[in-house]
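Each chain gets a letter, A, B and so on, in the order the sequences are listed, and its residues count up from 1.
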There are 2 protein chains.
Amino acid sequence: MEDFAAASGISRPTVSKYFNDPESVRPSTRQKIEEALERFAYRPNIYAMNQNRRATKNIGIVVPYLADPFFAEIVRVIERRCIDAGFSPSLFSSHGEQQREIDILDNLRSIKPAGVLLAPLGRRSDKAAIEDFCRAVPTVLFDSSIEGMGEAFVGSDNYSFVSQTVEYLSRTGEPPCFFEMQHPANPNANKRRDAYLSMMQRLQLEPHVLRIAGEGWAFEEIGRQGGLKLIAEDAFPTNTVLCSNDRLAIGFLAACYEKGVRVGRTKGCDLRVASHDGHPFSQFTCPALTTSAHDYAMVSEHVVETLFRLIESGGRFEKREETLFPARLIMRDSA
Amino acid sequence: MEDFAAASGISRPTVSKYFNDPESVRPSTRQKIEEALERFAYRPNIYAMNQNRRATKNIGIVVPYLADPFFAEIVRVIERRCIDAGFSPSLFSSHGEQQREIDILDNLRSIKPAGVLLAPLGRRSDKAAIEDFCRAVPTVLFDSSIEGMGEAFVGSDNYSFVSQTVEYLSRTGEPPCFFEMQHPANPNANKRRDAYLSMMQRLQLEPHVLRIAGEGWAFEEIGRQGGLKLIAEDAFPTNTVLCSNDRLAIGFLAACYEKGVRVGRTKGCDLRVASHDGHPFSQFTCPALTTSAHDYAMVSEHVVETLFRLIESGGRFEKREETLFPARLIMRDSA
DNA sequence: CCTTAAAATTTACGCGCGTAAAAAAATAAT
DNA sequence: ATTATTTTTTTACGCGCGTAAATTTTAAGG
């Protein structure tokens with residue numbers, strides 16, 4: 001910057017000021033800098049910039065598993081909004097591992113982020129580490145909430161997801177049984193099962209939960225294996241299966257197809273299958289998946305809006321905010 | 001670090017040395033530091049660390065589109081290997097936009113990465129900007145190559161992909177027609193079409209290329225729309241369709257299912273469909289997709305191996321390396 | 001016990017920038 | 001032209017750490 005300032009005939013502090021806000025210098029000065037900029041292609045070092053700043057423009061985004069299209073999609077939208085607002089988002093995936101999540105949060109501290117958007121692992125998170133982090137850095141949680149942590153939580157209302165699918169399915173055919181993993185990685189899974197149970201009770205229907213083995217993040221394969229097993233055992237109490245999430249459902253549908261189980265809501269079909277999430281691929285399954293979808297746009301919009309508001313408020317809210325968005329039922333051919 | 005060093009009764013430079021390599025200090029010293037570490041939970045600032053280092057441990061990973069499960073998966077593996085090797089990977093997605101790619105490369109310079117793994121946008125990349133970057137930072141390209149740029153390229157051999165599928169399909173049934181987007185974002189698409197044409201010529205078969213409209217990264221939807229159109233027009237010269245990539249195929253299969261076109265290689269089927277990439281979801285389509293798959297493990301292994309070797313060689317190879325891995329044909333039910 | 005080599009410490013400087021305070025220069029208002 | 005105001009420059013320091021050189025301490029070997 002020293003050299004560049006000399007080359008443009010302006011003092012370094014003024015150049016520094018220019019990079020913080022080009023409008024804060026006199027037009028003639030600005031012009032001189034921008035001319036030099038074209039000749040020398042100098043760029044300030046963003047990490048050195050942030051080293052000594054009161055408020056950086058860094059935003060950390062942390063998700064549990066980036067190879068999941070659900071997170072990939074929501075991150076894509078969030079990242080774009082941050083960039084448009086003049087922030088520099090940094091993206092991290094915990095890869096489903098506790099230690100990795102801890103390391104990421106540790107590293108995030110050193111880039112002094114203005115704020116962090118964190119989708120925690122959930123059950124596997126080190127609660128103490130996250131609590132510690134949230135105290136030090138303005139943080140908005142999303143996707144899955146951890147009781148009392150972060151200044152705000154933005155997510156989808158699991159009850160809304162399940163109530164819509166259960167209501168719809170039981171109104172238009174046999175009541176659904178609930179298909180889920182035995183050890184779900186994500187707390188949302190538990191909320192969905194509970195919602196299913198309470199919803200069935202309200203409708204005075206008998207609940208059936210089909211729990212399949214499997215751990216980790218290979219949900220499709222777990223759903224497929226579970227589906228094959230259930231089909232082999234003919235273990236369906238009703239002809240309607242409600243999957244905890246779309247990735248399980250994708251695997252389950254594959255199993256049905258393999259075994260010749262016809263899925264759909266038309267005559268001649270053996271099974272209706274529905275699910276939750278509005279996964280980007282759910283419209284390309286065979287048949288297209290009836291699902292209760294996240295409002296991606298609203299959630300991501302509100303996540304960043306909340307974070308920006310948090311940053312402007314100096315990093316603290318008086319009271320922890322919790323915003324849940326209702327799901328939207330997308331009726332397709334599978335149920 | 002000053003305070004922490006004082007608290008642990010060790011000098012700051014020695015503490016600094018410890019963090020660079022815990023084994024480089026005397027065991028008794030190491031123990032003292034680690035005891036203090038537990039009491040104070042101090043972490044060095046990684047960006048300040050890298051500020052003044054000869055060689056940082058940063059690695060930049062840049063992909064064109066992270067919401068594509070193909071990239072998400074390969075990045076997942078690459079990231080893990082980098083971490084295991086003691087590096088700090090930073091992940092960036094160009095979102096399919098030229099300006100974003102340029103900005104990312106600009107920012108990457110300031111973290112002084114030891115090396116960068118870059119999957120360029122391809123056709124949309126600003127060649128000059130990338131060339132400039134590669135001259136300044138040790139870079140290994142992957143996925144799609146740009147003539148002469150970077151110290152090395154690691155990818156899959158598109159000819160190998162297509163020759164295997166074409167050979168297999170024409171040996172076991174009617175010769176394939178080739179299904180692709182009119183304006184592919186990725187240069188691999190062009191290579192695949194060329195490979196198809198040359199392969200058909202070699203086999204003395206008449207080639208047919210079905211080109212569908214569409215631009216951008218929503219390949220599934222493009223494939224679906226294209227499929228619906230082709231089905232409506234009954235525009236298939238043969239009963240065998242070879243898609244340029246799996247995401248197109250996923251959309252195409254959805255269209256077939258919607259329209260009651262039976263896909264598979266058994267009697268009673270209308271169409272055989274095969275494709276290329278070995279997309280993580282290709283085994284969950286209905287029917288499961290026959291595809292010529294990237295050797296993900298080999299490619300990602302070799303990408304990082306090449307980069308590590310490049311870093312050890314001081315950032316330059318005598319001669320640009322180019323490694324192409326052959327594809328592996330995965331025969332499933334769709335063809 | 002002394003010698004030697006290894007490890008640790010002290011001292012000092014630099015990375016690339018932000019920022020505050022005071023002085024100087026340029027512009028605007030009278 | 002003079003004064004008031006804004007902008008820029010100068011000067012100086014700090015961020016959190018790496019690193020080199022010289023010095024001192026420690027452990028190992030005879």
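- Between B:R81 and B:D84 there is no salt bridge, since none of the side-chain N atoms of the basic residue sits less than 4.0 Å from a carboxylate O of the acidic one.
- Side-chain proximity of B:R26 to the nucleotides D:dT9, C:dC17, D:dA27 is greatest for D:dA27.
- At whole-Å resolution of the value, NZ in A:K17 and C1' in D:dT10 are 15 Å apart.
- Here the side chain of A:S313 pairs a donor or acceptor atom with the backbone of A:R309 at under 3.5 angstrom.
- In this structure a side-chain-to-backbone donor-acceptor pair under 3.5 Å is present from B:Q98 to B:R124.
- The interatomic distance linking B:D3 (CG) with D:dG16 (C1') rounds to 11 Å, in whole Å.
- Between the CD atom of A:Q31 and the P atom of C:dA26 there is a distance of 17 Å, rounded to whole Å.
- With respect to A:K127 and A:E131, no salt bridge is recorded, no charged nitrogen being found less than 4.0 Å from a carboxylate O.
- One can place CD of A:E23 at 18 Å from P of D:dT6, the figure rounded to the nearest angstrom.
- The side chain of B:T14 sits closest to C:dA8 out of C:dA8, D:dT8, D:dG16.
- Residue-to-nucleotide contacts include a donor-acceptor pair under 3.5 Å from the side chain of A:R12 to the base of C:dG18.
- When heavy atoms are screened at a 4.0 angstrom cut-off, B:F4 is found touching no nucleic acid atom at all.
- One distance of note links CG of A:L118 with OG1 of A:T139; it measures 6.5 Å at 0.5 Å rounding.
- A donor-acceptor pair is defined here as one N or O able to donate and one able to accept, closer than 3.5 Å; such a pair exists between the side chain of A:E101 and the backbone of A:L121.
- Under 4.0 angstrom from either OP1 or OP2 of C:dG18 there lies at least one side-chain N or O belonging to A:N20.
- Comparing D:dT8, C:dA8, C:dC15 by their nearest atom to the side chain of B:K112 picks out C:dC15.
- Within the 4.0 angstrom heavy-atom criterion, only backbone atoms of the sugar-phosphate kind lie near A:S24; the bases stay farther away.
- In this structure, B:T29 reaches the C:dA8 phosphate: one of its side-chain N or O atoms is under 4.0 Å from OP1 or OP2.
- With the nearest nucleotide of DNA chain D identified for both B:F19 and A:S11, A:S11 has the one nearer the 5' end.
- Residue contacts shown for B:Y18 are absent, as no nucleic acid heavy atom lies under 4.0 Å away.
- Nucleic acid contact class of A:R30 (heavy atoms, under 4.0 Å, all strands): none.
- Using a 4.0 Å heavy-atom distance criterion, B:P13 is classed as a base contact.
- For the pair B:N58 CG and D:dG18 P, the computed distance is 13 Å after rounding to whole Å.
- Remark: A:Y42 is in phosphate contact with C:dC17, judged by side-chain N or O atoms under 4.0 Å from OP1 or OP2.
- Between the CG atom of A:D21 and the P atom of D:dT7 there is a distance of 12 Å, rounded to whole Å.
- In the set D:dC15, D:dC17, C:dC17, D:dC17 carries the atom at the smallest distance from any side-chain atom of B:N45.
- Per the geometry, CD belonging to B:E2 stands 10 Å off P belonging to C:dT10, to the nearest Å.
- Nearest to the side chain of A:P44, among D:dC17, C:dG16, C:dC17, sits C:dC17.
- Map A:S28 and A:S16 each onto its nearest nucleotide of DNA chain C; the residue landing nearer the 5' end is A:S16.
- We find that NZ of B:K57 is positioned 15 Å from C1' of D:dG18, with the value rounded to whole Å.
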